[in-house]
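Read the structure below first, then the notes.
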Amino acid sequence: MRISLTKFQCNIVLANPDLACLSEFLLKNKSLYTNCVVISDENVFHRFGNEIKPLIEGQGLSVHPIVLKPGEPSKTLDSVIRCWQEMQTQGSDRSSLVIGFGGGMVTDVAGFASACYMRGVDTVYIPTTLLGMVDAAIGGKSGVNLCKIKNLVGTLKHPRLVVVAPHYLKTLPPRELSSGLAEIIKAGMIWDGELFEFLEKHMEDILAKNPEKLKTIITKACKIKTDIVRADEKEHNVRAILNYGHTFAHAIEALTNYELYTHGEAVSIGMSCAAKVSRILGYVDDEFVKRQDNLCASAQLPVHLPPSICPDDMLRLMLHDKKTVKGKIKLIIPRRIGKVDQLHDVDPAVLCDALKLKGQD
Ligand SMILES: NC(=O)c1ccc[n+]([C@@H]2O[C@H](COP(=O)([O-])OP(=O)(O)OC[C@H]3O[C@@H](n4cnc5c(N)ncnc54)[C@H](O)[C@@H]3O)[C@@H](O)[C@H]2O)c1
(Lines give C-alpha, C1' and ligand atoms only; values in the text may rest on other atoms or scores of the structure.)
Protein backbone atom coordinates (compact mmCIF):
# COMPACT_ATOMS: atom_id res chain seq x y z
CA MET A 1 0.00 0.00 0.00
CA ARG A 2 1.23 3.42 -0.93
CA ILE A 3 -1.38 6.18 -0.76
CA SER A 4 -0.52 9.71 -1.80
CA LEU A 5 -2.41 12.68 -0.49
CA THR A 6 -0.63 14.77 -3.12
CA LYS A 7 -2.49 17.98 -2.33
CA PHE A 8 -1.23 17.78 1.25
CA GLN A 9 2.27 16.46 0.36
CA CYS A 10 1.64 13.40 2.46
CA ASN A 11 2.36 9.75 1.69
CA ILE A 12 1.01 6.80 3.65
CA VAL A 13 3.10 3.68 3.18
CA LEU A 14 2.63 0.10 4.39
CA ALA A 15 6.10 -0.71 5.69
CA ASN A 16 8.17 -3.79 6.34
CA PRO A 17 9.92 -4.19 9.71
CA ASP A 18 13.09 -2.62 8.22
CA LEU A 19 11.18 0.67 7.77
CA ALA A 20 12.94 1.15 4.43
CA CYS A 21 10.43 3.84 3.45
CA LEU A 22 11.59 5.95 6.42
CA SER A 23 15.26 5.59 5.41
CA GLU A 24 14.35 6.50 1.81
CA PHE A 25 12.42 9.56 2.98
CA LEU A 26 15.29 10.75 5.17
CA LEU A 27 17.82 10.17 2.39
CA LYS A 28 15.70 12.00 -0.17
CA ASN A 29 15.15 14.97 2.15
CA LYS A 30 18.61 15.01 3.71
CA SER A 31 19.21 18.63 2.76
CA LEU A 32 16.00 19.80 4.48
CA TYR A 33 16.58 18.61 8.04
CA THR A 34 19.25 19.34 10.62
CA ASN A 35 18.08 17.12 13.49
CA CYS A 36 15.24 14.87 14.50
CA VAL A 37 13.00 15.03 17.57
CA VAL A 38 11.29 11.73 18.34
CA ILE A 39 8.17 12.20 20.46
CA SER A 40 7.03 8.90 21.91
CA ASP A 41 5.66 7.31 25.07
CA GLU A 42 7.42 5.11 27.62
CA ASN A 43 5.84 1.82 26.47
CA VAL A 44 6.78 2.37 22.85
CA PHE A 45 10.17 4.03 23.22
CA HIS A 46 11.50 1.54 25.75
CA ARG A 47 10.48 -1.32 23.43
CA PHE A 48 11.37 0.05 20.01
CA GLY A 49 13.45 3.20 20.50
CA ASN A 50 16.71 1.33 19.92
CA GLU A 51 15.39 0.07 16.58
CA ILE A 52 14.55 3.40 15.02
CA LYS A 53 17.39 5.52 16.46
CA PRO A 54 20.10 3.91 14.26
CA LEU A 55 17.87 4.28 11.17
CA ILE A 56 17.69 8.03 11.69
CA GLU A 57 21.28 8.47 12.83
CA GLY A 58 22.35 6.39 9.82
CA GLN A 59 21.09 9.26 7.66
CA GLY A 60 23.28 11.74 9.51
CA LEU A 61 20.60 13.20 11.78
CA SER A 62 20.95 13.42 15.56
CA VAL A 63 17.99 12.07 17.56
CA HIS A 64 16.45 13.91 20.53
CA PRO A 65 13.83 11.77 22.25
CA ILE A 66 10.94 13.25 24.23
CA VAL A 67 9.23 10.42 26.05
CA LEU A 68 5.76 11.00 27.54
CA LYS A 69 3.87 8.95 30.11
CA PRO A 70 1.58 6.55 28.22
CA GLY A 71 -2.17 7.00 27.96
CA GLU A 72 -4.88 9.58 27.31
CA PRO A 73 -4.18 11.58 30.53
CA SER A 74 -0.96 12.73 28.77
CA LYS A 75 -2.92 14.31 25.90
CA THR A 76 -2.68 17.75 27.50
CA LEU A 77 -1.30 21.21 26.87
CA ASP A 78 1.30 20.49 29.57
CA SER A 79 2.72 17.70 27.38
CA VAL A 80 2.78 20.00 24.36
CA ILE A 81 4.49 22.76 26.35
CA ARG A 82 7.05 20.23 27.58
CA CYS A 83 7.75 19.26 23.94
CA TRP A 84 8.23 22.92 22.93
CA GLN A 85 10.52 23.60 25.90
CA GLU A 86 12.65 20.50 25.32
CA MET A 87 12.84 21.23 21.60
CA GLN A 88 14.04 24.73 22.36
CA THR A 89 16.63 23.53 24.90
CA GLN A 90 17.87 20.88 22.49
CA GLY A 91 18.39 23.55 19.83
CA SER A 92 15.59 22.56 17.45
CA ASP A 93 14.89 25.10 14.75
CA ARG A 94 12.71 25.39 11.66
CA SER A 95 14.67 22.68 9.91
CA SER A 96 14.11 20.11 12.61
CA LEU A 97 12.00 17.07 11.80
CA VAL A 98 9.54 15.76 14.40
CA ILE A 99 8.74 12.06 14.40
CA GLY A 100 5.62 11.02 16.32
CA PHE A 101 6.30 7.41 17.31
CA GLY A 102 3.45 5.77 19.19
CA GLY A 103 -0.32 5.53 19.36
CA GLY A 104 -2.91 8.23 18.75
CA MET A 105 -2.11 10.04 21.98
CA VAL A 106 1.50 10.48 20.85
CA THR A 107 0.73 11.47 17.26
CA ASP A 108 -1.90 13.97 18.45
CA VAL A 109 0.56 15.62 20.86
CA ALA A 110 3.47 15.45 18.36
CA GLY A 111 1.29 16.83 15.55
CA PHE A 112 0.11 19.76 17.64
CA ALA A 113 3.57 20.52 19.05
CA SER A 114 5.22 20.40 15.62
CA ALA A 115 2.51 22.42 13.87
CA CYS A 116 3.08 25.34 16.27
CA TYR A 117 6.82 25.15 16.98
CA MET A 118 8.36 28.12 15.14
CA ARG A 119 5.08 28.26 13.19
CA GLY A 120 5.42 24.72 11.98
CA VAL A 121 8.07 22.09 11.32
CA ASP A 122 7.73 18.91 9.26
CA THR A 123 6.42 15.74 10.83
CA VAL A 124 6.58 12.00 10.18
CA TYR A 125 4.25 9.64 12.03
CA ILE A 126 5.12 6.06 12.86
CA PRO A 127 1.90 4.81 14.45
CA THR A 128 2.33 1.75 16.68
CA THR A 129 -1.31 1.01 17.58
CA LEU A 130 -3.97 -0.27 15.22
CA LEU A 131 -6.04 2.83 15.94
CA GLY A 132 -3.09 5.04 15.11
CA MET A 133 -2.42 3.23 11.84
CA VAL A 134 -5.94 3.42 10.45
CA ASP A 135 -7.17 6.66 11.94
CA ALA A 136 -5.22 8.99 14.24
CA ALA A 137 -2.11 9.29 12.02
CA ILE A 138 -4.12 10.04 8.88
CA GLY A 139 -5.92 13.22 7.97
CA GLY A 140 -3.83 15.95 9.56
CA LYS A 141 -5.93 16.57 12.68
CA SER A 142 -4.11 16.80 15.98
CA GLY A 143 -4.94 18.27 19.33
CA VAL A 144 -5.22 17.89 23.08
CA ASN A 145 -8.00 17.70 25.64
CA LEU A 146 -8.81 20.74 27.75
CA CYS A 147 -11.56 21.72 30.24
CA LYS A 148 -12.89 18.11 30.07
CA ILE A 149 -13.51 18.63 26.35
CA LYS A 150 -11.89 16.19 23.97
CA ASN A 151 -9.54 17.76 21.39
CA LEU A 152 -10.66 21.28 22.37
CA VAL A 153 -7.48 22.83 20.97
CA GLY A 154 -5.54 21.55 18.02
CA THR A 155 -4.38 22.02 14.47
CA LEU A 156 -4.88 20.69 10.97
CA LYS A 157 -1.52 19.97 9.34
CA HIS A 158 -0.56 16.81 7.52
CA PRO A 159 2.58 14.82 8.23
CA ARG A 160 4.93 14.37 5.27
CA LEU A 161 4.97 10.61 5.74
CA VAL A 162 2.97 8.01 7.68
CA VAL A 163 4.87 4.75 8.15
CA VAL A 164 2.30 2.01 8.73
CA ALA A 165 4.29 -0.95 10.03
CA PRO A 166 1.96 -3.73 11.24
CA HIS A 167 4.78 -5.70 12.90
CA TYR A 168 4.49 -3.27 15.83
CA LEU A 169 1.08 -4.80 16.57
CA LYS A 170 2.74 -7.99 17.83
CA THR A 171 3.25 -6.42 21.25
CA LEU A 172 0.00 -4.45 21.33
CA PRO A 173 -2.22 -5.58 24.24
CA PRO A 174 -5.51 -7.25 23.15
CA ARG A 175 -7.57 -4.42 24.60
CA GLU A 176 -5.72 -1.87 22.43
CA LEU A 177 -6.15 -4.07 19.37
CA SER A 178 -9.89 -4.10 20.01
CA SER A 179 -9.83 -0.34 20.43
CA GLY A 180 -8.43 0.01 16.89
CA LEU A 181 -11.01 -2.44 15.60
CA ALA A 182 -13.75 -0.05 16.74
CA GLU A 183 -12.51 2.57 14.25
CA ILE A 184 -12.30 -0.10 11.52
CA ILE A 185 -15.87 -1.25 12.25
CA LYS A 186 -16.81 2.44 12.03
CA ALA A 187 -15.09 2.71 8.64
CA GLY A 188 -17.08 -0.28 7.38
CA MET A 189 -20.34 1.09 8.72
CA ILE A 190 -19.94 4.58 7.24
CA TRP A 191 -18.39 3.72 3.86
CA ASP A 192 -17.76 0.10 2.95
CA GLY A 193 -20.26 -2.67 3.63
CA GLU A 194 -17.79 -5.27 2.32
CA LEU A 195 -15.28 -4.32 5.00
CA PHE A 196 -18.02 -4.67 7.63
CA GLU A 197 -18.84 -8.16 6.32
CA PHE A 198 -15.14 -9.10 6.16
CA LEU A 199 -14.86 -8.19 9.84
CA GLU A 200 -17.94 -10.27 10.67
CA LYS A 201 -16.42 -13.26 8.88
CA HIS A 202 -12.82 -13.08 10.09
CA MET A 203 -12.93 -11.59 13.58
CA GLU A 204 -11.38 -14.65 15.21
CA ASP A 205 -8.31 -14.53 12.92
CA ILE A 206 -8.05 -10.78 13.33
CA LEU A 207 -8.05 -11.04 17.13
CA ALA A 208 -5.35 -13.71 16.79
CA LYS A 209 -3.33 -11.08 14.82
CA ASN A 210 -3.25 -13.09 11.58
CA PRO A 211 -0.82 -10.93 9.53
CA GLU A 212 -2.67 -11.24 6.21
CA LYS A 213 -6.06 -10.42 7.69
CA LEU A 214 -4.58 -7.48 9.60
CA LYS A 215 -2.95 -6.14 6.43
CA THR A 216 -6.26 -6.44 4.57
CA ILE A 217 -8.28 -4.47 7.11
CA ILE A 218 -5.53 -1.88 7.68
CA THR A 219 -5.20 -1.24 3.94
CA LYS A 220 -8.97 -0.95 3.45
CA ALA A 221 -9.43 1.34 6.46
CA CYS A 222 -6.49 3.61 5.47
CA LYS A 223 -7.94 3.90 1.98
CA ILE A 224 -11.38 4.83 3.33
CA LYS A 225 -9.95 7.53 5.59
CA THR A 226 -7.75 9.00 2.85
CA ASP A 227 -10.59 8.97 0.30
CA ILE A 228 -12.77 10.91 2.72
CA VAL A 229 -10.02 13.37 3.72
CA ARG A 230 -9.07 13.94 0.07
CA ALA A 231 -12.70 14.80 -0.71
CA ASP A 232 -13.19 17.15 2.24
CA GLU A 233 -10.11 18.03 4.29
CA LYS A 234 -11.73 20.79 6.35
CA GLU A 235 -14.88 18.86 7.28
CA HIS A 236 -17.32 21.07 5.39
CA ASN A 237 -19.37 18.04 4.40
CA VAL A 238 -18.43 14.37 3.96
CA ARG A 239 -15.54 14.26 6.49
CA ALA A 240 -18.13 14.72 9.24
CA ILE A 241 -19.17 11.08 8.80
CA LEU A 242 -15.87 10.03 10.38
CA ASN A 243 -17.42 11.31 13.61
CA TYR A 244 -19.90 8.43 13.64
CA GLY A 245 -20.28 7.44 17.31
CA HIS A 246 -17.81 10.13 18.39
CA THR A 247 -20.12 12.79 19.84
CA PHE A 248 -21.32 10.19 22.35
CA ALA A 249 -17.80 8.75 22.73
CA HIS A 250 -16.22 12.09 23.60
CA ALA A 251 -18.81 12.67 26.35
CA ILE A 252 -18.30 9.12 27.68
CA GLU A 253 -14.52 9.58 27.78
CA ALA A 254 -14.78 12.92 29.56
CA LEU A 255 -17.35 11.65 32.10
CA THR A 256 -15.08 8.74 32.96
CA ASN A 257 -11.99 10.96 33.22
CA TYR A 258 -10.34 9.31 30.18
CA GLU A 259 -9.58 6.36 32.44
CA LEU A 260 -12.38 3.79 32.30
CA TYR A 261 -12.44 3.24 28.52
CA THR A 262 -10.01 3.32 25.64
CA HIS A 263 -10.99 5.70 22.84
CA GLY A 264 -12.18 2.78 20.68
CA GLU A 265 -14.27 1.31 23.50
CA ALA A 266 -16.01 4.67 23.94
CA VAL A 267 -16.55 4.84 20.15
CA SER A 268 -18.10 1.35 20.23
CA ILE A 269 -20.62 2.43 22.88
CA GLY A 270 -21.14 5.68 20.94
CA MET A 271 -21.91 3.81 17.71
CA SER A 272 -24.48 1.70 19.56
CA CYS A 273 -26.10 4.90 20.91
CA ALA A 274 -26.15 6.43 17.39
CA ALA A 275 -27.71 3.28 15.93
CA LYS A 276 -30.39 3.43 18.64
CA VAL A 277 -31.17 7.05 17.68
CA SER A 278 -31.58 5.85 14.09
CA ARG A 279 -33.83 3.01 15.31
CA ILE A 280 -36.02 5.43 17.33
CA LEU A 281 -36.33 7.68 14.27
CA GLY A 282 -37.41 4.66 12.23
CA TYR A 283 -34.47 4.51 9.79
CA VAL A 284 -33.20 1.10 10.92
CA ASP A 285 -34.73 -1.80 12.84
CA ASP A 286 -33.78 -3.71 16.00
CA GLU A 287 -31.99 -6.33 13.91
CA PHE A 288 -29.65 -3.64 12.53
CA VAL A 289 -28.73 -2.35 16.00
CA LYS A 290 -28.12 -5.92 17.13
CA ARG A 291 -25.90 -6.72 14.12
CA GLN A 292 -23.61 -3.77 14.82
CA ASP A 293 -23.59 -4.53 18.57
CA ASN A 294 -22.74 -8.18 17.84
CA LEU A 295 -19.79 -7.25 15.62
CA CYS A 296 -18.45 -4.86 18.27
CA ALA A 297 -18.97 -7.47 21.01
CA SER A 298 -17.14 -10.07 18.87
CA ALA A 299 -14.22 -7.62 18.76
CA GLN A 300 -14.28 -7.60 22.59
CA LEU A 301 -15.73 -4.10 22.71
CA PRO A 302 -18.39 -2.81 25.13
CA VAL A 303 -21.66 -1.58 23.64
CA HIS A 304 -23.65 -0.49 26.70
CA LEU A 305 -23.31 2.70 28.70
CA PRO A 306 -21.98 2.05 32.21
CA PRO A 307 -24.57 2.52 35.01
CA SER A 308 -22.36 5.29 36.45
CA ILE A 309 -23.16 7.57 33.49
CA CYS A 310 -26.38 9.52 33.74
CA PRO A 311 -28.01 10.42 30.38
CA ASP A 312 -28.54 14.03 31.50
CA ASP A 313 -24.80 14.46 32.15
CA MET A 314 -24.08 12.96 28.73
CA LEU A 315 -26.46 15.40 27.05
CA ARG A 316 -24.92 18.34 28.89
CA LEU A 317 -21.46 17.43 27.63
CA MET A 318 -22.68 16.69 24.12
CA LEU A 319 -24.06 20.22 23.99
CA HIS A 320 -20.47 21.40 24.56
CA ASP A 321 -18.91 19.15 21.91
CA LYS A 322 -16.96 20.97 19.20
CA LYS A 323 -19.46 19.77 16.61
CA THR A 324 -22.41 21.34 18.44
CA VAL A 325 -23.24 24.78 17.05
CA LYS A 326 -25.66 27.19 18.79
CA GLY A 327 -26.99 24.36 20.96
CA LYS A 328 -27.85 22.23 17.92
CA ILE A 329 -26.42 18.75 18.25
CA LYS A 330 -25.21 17.30 14.96
CA LEU A 331 -25.19 13.55 14.76
CA ILE A 332 -24.15 10.93 12.26
CA ILE A 333 -26.66 8.10 12.16
CA PRO A 334 -26.62 4.86 10.16
CA ARG A 335 -29.12 4.22 7.35
CA ARG A 336 -27.76 0.86 6.29
CA ILE A 337 -24.41 -0.93 6.50
CA GLY A 338 -21.95 1.19 4.52
CA LYS A 339 -24.16 4.31 4.55
CA VAL A 340 -24.72 7.01 7.16
CA ASP A 341 -26.37 10.43 7.16
CA GLN A 342 -25.82 13.61 9.12
CA LEU A 343 -28.67 15.05 11.20
CA HIS A 344 -28.25 18.74 11.97
CA ASP A 345 -30.54 19.41 14.91
CA VAL A 346 -31.32 16.30 16.89
CA ASP A 347 -34.10 16.56 19.46
CA PRO A 348 -32.43 16.07 22.88
CA ALA A 349 -35.47 14.00 23.97
CA VAL A 350 -34.66 11.46 21.24
CA LEU A 351 -31.05 11.32 22.42
CA CYS A 352 -32.21 10.79 25.98
CA ASP A 353 -34.50 7.93 24.89
CA ALA A 354 -31.63 6.34 22.93
CA LEU A 355 -29.30 6.61 25.92
CA LYS A 356 -31.86 4.85 28.11
CA LEU A 357 -32.60 2.13 25.55
CA LYS A 358 -31.21 -1.22 26.61
CA GLY A 359 -29.51 -3.45 24.02
CA GLN A 360 -31.33 -6.51 22.65
CA ASP A 361 -29.63 -9.77 23.60
N1 LIG B 1 -6.09 12.91 15.12
C2 LIG B 1 -7.04 12.12 14.72
O3 LIG B 1 -7.57 12.23 13.61
C4 LIG B 1 -7.50 11.02 15.64
C5 LIG B 1 -8.35 10.02 15.15
C6 LIG B 1 -8.71 9.00 16.02
C7 LIG B 1 -8.27 8.98 17.33
N8 LIG B 1 -7.44 9.99 17.76
C9 LIG B 1 -6.95 10.00 19.13
O10 LIG B 1 -6.10 8.88 19.33
C11 LIG B 1 -6.06 8.62 20.74
C12 LIG B 1 -6.15 7.14 20.98
O13 LIG B 1 -5.06 6.51 20.35
P14 LIG B 1 -4.61 5.03 20.75
O15 LIG B 1 -5.79 4.18 20.87
O16 LIG B 1 -3.53 4.67 19.82
O17 LIG B 1 -4.10 5.21 22.26
P18 LIG B 1 -2.65 5.48 22.91
O19 LIG B 1 -1.79 6.29 22.06
O20 LIG B 1 -2.98 5.99 24.27
O21 LIG B 1 -2.03 4.01 23.01
C22 LIG B 1 -2.69 3.03 23.75
C23 LIG B 1 -1.71 2.23 24.63
O24 LIG B 1 -0.95 1.34 23.80
C25 LIG B 1 0.44 1.46 24.10
N26 LIG B 1 1.15 1.08 22.89
C27 LIG B 1 1.26 1.78 21.74
N28 LIG B 1 1.86 1.04 20.80
C29 LIG B 1 2.18 -0.13 21.37
C30 LIG B 1 2.82 -1.31 20.89
N31 LIG B 1 3.17 -1.45 19.62
N32 LIG B 1 3.00 -2.34 21.76
C33 LIG B 1 2.58 -2.23 23.04
N34 LIG B 1 1.95 -1.16 23.54
C35 LIG B 1 1.75 -0.11 22.70
C36 LIG B 1 0.58 2.89 24.53
O37 LIG B 1 1.75 3.08 25.28
C38 LIG B 1 -0.68 3.09 25.36
O39 LIG B 1 -0.51 2.55 26.64
C40 LIG B 1 -7.22 9.38 21.35
O41 LIG B 1 -6.71 10.50 22.03
C42 LIG B 1 -8.02 9.83 20.16
O43 LIG B 1 -8.71 11.02 20.40
C44 LIG B 1 -7.06 10.99 16.94
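Order of listing sets the numbers, starting from 1, for every ligand and every atom in it. Below, each value reflects all heavy atoms present in this structure, side chains not excepted, and no hydrogens, waters or symmetry copies. No experiment lies behind these values; they were computed from the predicted model shown.
Residues forming a side-chain hydrogen bond (donor to acceptor under 3.5 Å, both in side chains) with E51 (at least two apart in sequence, or on another chain): none. Residues meeting the salt bridge (Lys or Arg N to Asp or Glu O under 4.0 Å) test with K223, sequence neighbours left out: D227.
Within 4.0 Å of ligand 1, the residues that place a heavy atom are D41, N43, V44, R47, F48, P70, G71, E72, K75, G103, G104, M105, D108, T128, T129, L131, D135, A136, K141, K150, Y168, T171, L172, P173, E176, K225, H263, listed by chain and number.
The aromatic rings of H246 and H250 lie perpendicular to each other, with more than 60° between the two planes, well past the 30° mark.
The only member of I333, V277, D341, V340 that meets side-chain contact (heavy atoms from CB on, under 4.5 Å) when paired with Y283 is I333.
Around CD of E194, the count of heavy atoms belonging to other residues, nucleotides or ligands within 6.0 Å does not exceed 12.
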Atom pairs and distances, side-chain donor-acceptor, residues 131-142, under 3.5 Å, sequence neighbours left out:
unit_1, atom_1, unit_2, atom_2, d
D135, OD1, K225, NZ, 2.6
K141, NZ, E235, OE1, 2.4
S142, OG, F112, N, 3.2
S142, OG, T155, OG1, 2.8

